[in-house]
Amino acid sequence: HGTTDLLTVEYHKTYKIITNKFEDKSYLLYQCGTEPPSPDVAGENHLVLPVPHTGGIAITQTPQIAPMELLAKRSDIKAYIGNPGLISSPCLKHMIGDDSIQVIQFPDDQYNTTLLYGAARDYVAENPDTIVFAGPNGNVDADRHMGIAASQEGTAVAIFDWLGMYAALFNLEGTANQIISDTESRYECSASNAAALTADVQEDEKPKILWAQYFDGLGWSVRSCPTWDTAYYCEYAHHCGAEIIERPEGVGSATYWGDTAYWYLTDEEFLEVGKDAPLWIYPSQTFGSLYASKRDMLDQFQSVQDKNVYDTQGQGPHGWYEQRLAEYDVVALDMCTLVGRNNPESVHRIRWFRNFFDEPIGGMGACDAPDEIDLAYVPAEAVCTPLAAESVTDAPDDTSAEEETDE
C-alpha cells in the first residue's frame, strides 16, 4: 500500500516474504500444497511456514486483537500471554470466559518479561504449529515468534496498514485491501470536509488544542508537533485544520530515557502554557483524581471553566490502546467534530473522546455470542458524508465542541 515505513511484503510465484524493518526480521510464507522454497531462498528468514496458517495464534499485546477481528479471525486466537484485564474486546472476553482462549499470566508479577517469555516458550513446545505475535522490542528471536511493530510507525494510517501483515498469514490480502481502501476513503472524506471549512481561515485563527497529561513524580507533559506526522495526535490535528499548543522552548525540565529528552512542566509553568486553551484532550484515565487534588489550579483553565475537557475513555479505560487503532478514520471524525470542522449537515456522535464533566466512561458493549465470534469487527460511527459545495459558504464559524451528544 506504500504507507508503511517499517513493513514490506514481497510476492513471488508460490511464496511471499514479509519484512519487519523495525526489528530486522523477515518471514517466508509459502502456499500450502507447494514445495517450500530452496534453503538458499528460505535460509535467511526467521520463519518459513505454509499459508493459510491453521495452527492458531498466541497474542501478547492488546493492539494485536483488532486486526484479527477486522479479518474475522477471532477463532484463530488460541492464547493470550499477558494481563487479560487490559482487554477491551467483548468477544475476546467471552472467549476467555468459556475457555476458548487460554490465558497465560502471572497475577503477582504481570509484566515480568522473564516469566512471560518462558511461558511463551513453553506454550510453543506444547503447540508446535502455533505462531506467537511479539510486540515491538519483544522476544522476536524466539522460535515461532513473529514481530509486530505497527505502533512504531509515524502515522495512524501506517499503523492501521499493518493489517496487511496479518492478512498475509491467512491469504486474506483481498479482504484487507478492501478494508484499508474503505477506511482510507472515509479518512480522506473528513480531511476534505475540514479543508473546505478552513479554506479562508488564517494560520493564527486555527482551533487550538491542548494535548497534555500529568505524570506523578515528573509533572505535566505537553505534547508538541514539530511536523504534522511527528505523532498521531499531530496527524489528527493537522487533518482537521487545528493546531496543538506547544511547550515554549526552554520551559520545563528534561528527563532522559536513553538519548531522548522528555520535558515536564511544573503546575505554574503548565498554567501559563495551557490556561487559555479552549479545548483540552487529556489522553489518560487519571483526570478525575487529578482534578480532585489540583482543583484550585485547574479551575483557572478556560477548558475546565467551559467543561471542554476530554479524556480517552469513550470506549472504556483500555479501548484507546486496542480497538481505537483499527478506527483511525472514526478518531479523525471525532477530532474534526470537537474543533467544529466536521460536515455541519451530518451528525457524528463522538466515540473515542469522553467529556469528563458531562459523560460517563463508555464501553464496547456485549458480544452477541456465538453468532458474532466468527464475524468481522465493524467499527461504529464509521460514516463520513462529503460536504456539498454550496454548504461551505453557510458553514458555521464556531469551533466549539457543542455538537456532541450526551451518552
Side-chain angles (χ1 to χ4, degrees), residues 155-157 160 181-203 205-211 225 228-229 232-245 277-283 302-303 306-315 319-320 323-359 362 378-407:
T155 67
V157 177
F160 182 82
S181 175
D182 290 346
T183 307
E184 186 172 1
S185 176
R186 292 189 294 269
Y187 187 67
E188 290 174 351
C189 168
S190 60
S192 297
N193 288 347
L197 291 168
T198 56
D200 298 323
V201 174
Q202 300 299 313
E203 191 71 20
E205 296 175 343
K206 285 184 174 181
K208 304 296 190 292
I209 304 169
L210 178 64
W211 193 290
C225 297
W228 72 268
D229 58 353
Y232 69 89
Y233 42 85
C234 305
E235 180 184 8
Y236 287 128
H238 174 79
H239 181 91
C240 298
E243 187 176 280
I244 299 290
I245 294 172
L279 170 64
W280 182 358
I281 304 291
Y282 188 89
Q302 179 187 335
S303 56
D306 295 343
K307 296 186 176 180
N308 213 19
V309 178
Y310 292 79
D311 65 18
T312 50
Q313 298 188 88
Q315 294 301 307
W320 185 255
Q323 274 87 358
R324 183 261 306 181
L325 299 172
E327 301 185 23
Y328 74 89
D329 57 323
V330 180
V331 180
L333 286 164
D334 285 0
M335 177 71 86
C336 291
T337 301
L338 283 175
V339 298
R341 294 296 183 257
N342 191 33
N343 185 345
E345 296 179 348
S346 65
V347 176
H348 172 73
R349 182 178 180 276
I350 292 176
R351 175 169 166 81
W352 286 103
F353 299 107
R354 190 240 349 180
N355 187 300
F356 170 77
F357 293 101
D358 296 334
E359 297 172 341
V378 178
E381 301 298 325
V383 178
C384 178
T385 305
L387 189 63
E390 60 270 16
S391 304
V392 177
T393 2
D394 304 326
D397 208 17
D398 181 19
T399 59
S400 73
E402 294 177 355
E403 297 174 39
E404 292 145 28
T405 57
D406 292 333
E407 291 284 352

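Keep in mind that the numbers below use all heavy atoms, side chains included, and drop hydrogens, waters and symmetry copies.
Listed here is the closest heavy atom pair of Val339 and Ala242: CG1-CB, 4.1 Å. Closest heavy-atom contact between Phe160 and Ala326: CE1-O, 3.4 Å. Across all their heavy atoms, Arg341 and Thr198 have their closest contact at NE-CG2, 2.7 Å. Between Lys208 and Glu243, the shortest heavy-atom contact is CE-OE2, 3.2 Å. In this structure, Ile244 and Cys225 approach most closely via the heavy-atom pair CG1-SG, 3.6 Å. Counting all heavy atoms, side chain and backbone alike, Ala332 lies closest to Cys240 at O-SG, 3.5 Å.
From Trp211, atom CH2 reaches atom OH of Tyr232 across 5.0 Å, with rounding to the nearest 0.5 Å. The OG atom of Ser192 sits 11.0 Å away from the CG atom of Leu197 when rounded to the nearest 0.5 Å. One finds the CG atom of Leu279 at 10.0 Å from the CD atom of Gln302 (value rounded to the nearest 0.5 Å). Remark: Tyr310 OH to Phe357 CZ distance equals 11.0 Å, nearest 0.5 Å. Here the OG-OH distance, from Ser190 to Tyr236, works out to 9.5 Å after rounding to the nearest 0.5 Å.
At a threshold of 4.5 Å between non-hydrogen side-chain atoms, the residues Met335 and Ile209 count as touching. Between Pro344 and Leu387 there is a side-chain heavy-atom pair separated by less than 4.5 Å. In this structure, the side chains of Tyr328 and His239 stay at 4.5 Å or more apart for every pair of heavy atoms.
A donor-acceptor pair is defined here as one N or O able to donate and one able to accept, closer than 3.5 Å; no such pair exists between the side chain of Asp229 and the backbone of Thr155. Judged by distance alone, with hydrogens and angles left aside, the side-chain atoms of Asn193 form a donor-acceptor pair with the main-chain N or O of Thr385 at under 3.5 Å. Between the side chain of Asn342 and the backbone N or O of Cys336 there is no donor-acceptor pair closer than 3.5 Å. The main-chain N or O of Lys307 is never found under 3.5 Å from a side-chain atom of Asp358 such that the two would form a donor-acceptor pair. Of the possible polar contacts, none joining the Asp306 side chain to the Asn308 backbone as a donor-acceptor pair under 3.5 Å is found.
With sequence neighbours excluded, no residue satisfies salt bridge (Lys or Arg N to Asp or Glu O under 4.0 Å) with Glu235.
Among Asp182, Leu333, Val331, Asp329, the single residue meeting the side-chain contact (heavy atoms from CB on, under 4.5 Å) criterion with Tyr187 is Asp329. When each of Gln315, Glu327, Gln323 is checked for a side-chain hydrogen bond (donor to acceptor under 3.5 Å, both in side chains) with Trp352, only Glu327 meets the rule.
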Inset, instruction - Test side-chain contact (heavy atoms from CB on, under 4.5 Å) on His348 and Asp334 and set out the steps. - result: CA-CA 7 Å; His348 172 73; Asp334 285 0; 2.5 Å; yes
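Remark: aromatic rings of Phe353 and Trp320 are close, center separation under 6.0 Å.
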